[in-house]
Amino acid sequence: MKIATWNVNSLKVRLPHVLDWLALNQPDVLCLQETKLQDENFPIAEIAEAGYQTLYSGQKTYNGVALLSRQSGNELITAIPGLEDPQKRVLGAIYNDVRVICIYVPNGEHVTSEKYQYKLKWLAALKDWVRDMLSEHRKLVLLGDFNIAPEECDVHDAKLWEGQVLFSLPEREAFRDVLNLGLTDSFRLFEQPEKSYTWWDYRMMAFRRNMGLRIDHILLSNDLAKTCTACVIDKGTRRLERPSDHAPVMVELAACGLEEPYPENRFPSSPANCQVTSEQVSGFAGNAESASTENYSEGS
DNA sequence: ATGGCTTAACAATTAAGA
């Protein structure tokens, strides 16, 4: 089973990319964020032609989440129970026996803004809800745009981002609290390329300079983590014409059986952080590649 | 000097993203 997440930053603009990506990658479930579509405008027919069913929860202009899937989903959820929130940021469904929860966490704007408080409140409500969900579902996937880079190695320049929204300690602690409920950051189950990110600013030639953050995540319950055989970021989409500023992330779960042996490249006891990787790269700080990226300037 | 782009709304600017 392949499950993926992608913040498309307008499904209207990105529909061709999404259709191409589905055909190429054949996920069983693709979770989308920032569809920016009202439900009556959702492109059901085009996606059906590609062989995918659709569930969606959208609004005008902002936010909006969707689930594209081969099989139909059950037990739809469109909000965090008990959280007063008019913004469409949550969509859950069960596929086979896997509880999938697609989320678009508030951005937060700035640590001094009211939106940041909304973000923290939203994350606290998420934690309470996921705790309940985990008690009901042994196989649970929580994935989407978390708008949080959990560890230093998830940020191109940790000094620059220290204390800033997306990397501030309170939100990283909130992320950690969710993990501590019994979830695993699937990306860190495997050896990964250094400086792996899922988002790059449209400005400042950030993608070309790999000035990115890893803020899109796929978290797995213990039972599912044991079946996970891969987690990859597809940077290729960021090189397309009119790209989303986010790249898709996808996990592969073994078809069945919790007794599958770990794949060989996996770190079975690795915590959901990047200590191994950051030690590996510590000797390369300020290397030639990063030095060459310092030359960006329009002069004057 | 701390921006630079992209999107949606709406019709020249504003809000928002991250």
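What's counted below: heavy atoms across the whole structure, side chains too, no hydrogens, waters or symmetry copies. Every chain is numbered from 1 and lettered A, B, ... according to where its sequence line falls, protein lines coming before strand lines.
To the nearest 0.5 Å, atom NZ of residue K139(A) and atom CG of residue L220(A) are 12.0 Å apart.
Relative ring orientation between H246(A) and W199(A) is described as tilted, the plane-to-plane angle lying within the 30° to 60° band. Between W21(A) and W6(A), the ring planes are tilted. Angles from 30° to 60° get that label.
If you check every strand for non-hydrogen atoms under 4.0 Å, V165(A) touches nothing. Here N147(A) lies in heavy-atom contact (under 4.0 Å) with sugar-phosphate atoms only. As judged by a 4.0 angstrom heavy-atom cut-off over every strand, D145(A) is placed among residues touching the sugar-phosphate backbone only.
The shortest distance between side-chain heavy atoms of H217(A) and P150(A) falls below 4.5 Å.
Put simply, R203(A) has a side-chain N or O that comes within less than 4.0 Å of OP1 or OP2 on dG4(B). Residue K115(A) places none of its side-chain N or O atoms closer than 4.0 Å to OP1 or OP2 of dA18(B). In this structure, R14(A) reaches the dT7(B) phosphate: one of its side-chain N or O atoms is under 4.0 Å from OP1 or OP2.
Comparing S10(A) and P106(A) against DNA chain B, the residue whose closest nucleotide sits nearer the 5' end is S10(A). Along DNA chain B, the nucleotide closest to N9(A) and the one closest to I215(A) are compared, and the more 5′ of them pairs with N9(A).
Spacing of C1' atoms, dA15(B) relative to dA1(B), comes out at 23 Å, to the nearest Å. Look at the C1' atom in both dA18(B) and dG4(B): the space between them is 14 Å, to the nearest Å.
If you run side-chain contact (heavy atoms from CB on, under 4.5 Å) between C31(A) and each of L55(A), I103(A), V100(A), L91(A), only V100(A) comes through.
Comparing dA9(B), dT6(B), dA18(B) by their closest approach to the side chain of T61(A) singles out dA9(B). Relative to the side chain of E34(A), the nucleotides dA8(B), dA9(B), dG17(B) differ in distance, and dG17(B) lies closest. The side chain of R89(A) has dG17(B) as its nearest neighbour among dA18(B), dG17(B), dT7(B). For Y202(A), the listed nucleotide lying nearest its side chain is dT6(B); candidates were dA18(B), dT6(B), dT7(B).
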query = So I77(A) and R99(A), side-chain contact (heavy atoms from CB on, under 4.5 Å) or not? Walk me through it.
reply = CA-CA 10 Å; I77(A) 305 175; R99(A) 166 51 82 183; 3.6 Å; yes
Test side-chain hydrogen bond (donor to acceptor under 3.5 Å, both in side chains) applied to E34(A) and N9(A), step by step = CA-CA 5 Å; E34(A) 286 206 87; N9(A) 183 19; 5.9 Å; no
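Within residues 236-246 of chain A, the residues that have a heavy atom under 4.0 Å from DNA chain B are, in order of number, R242(A), H246(A).
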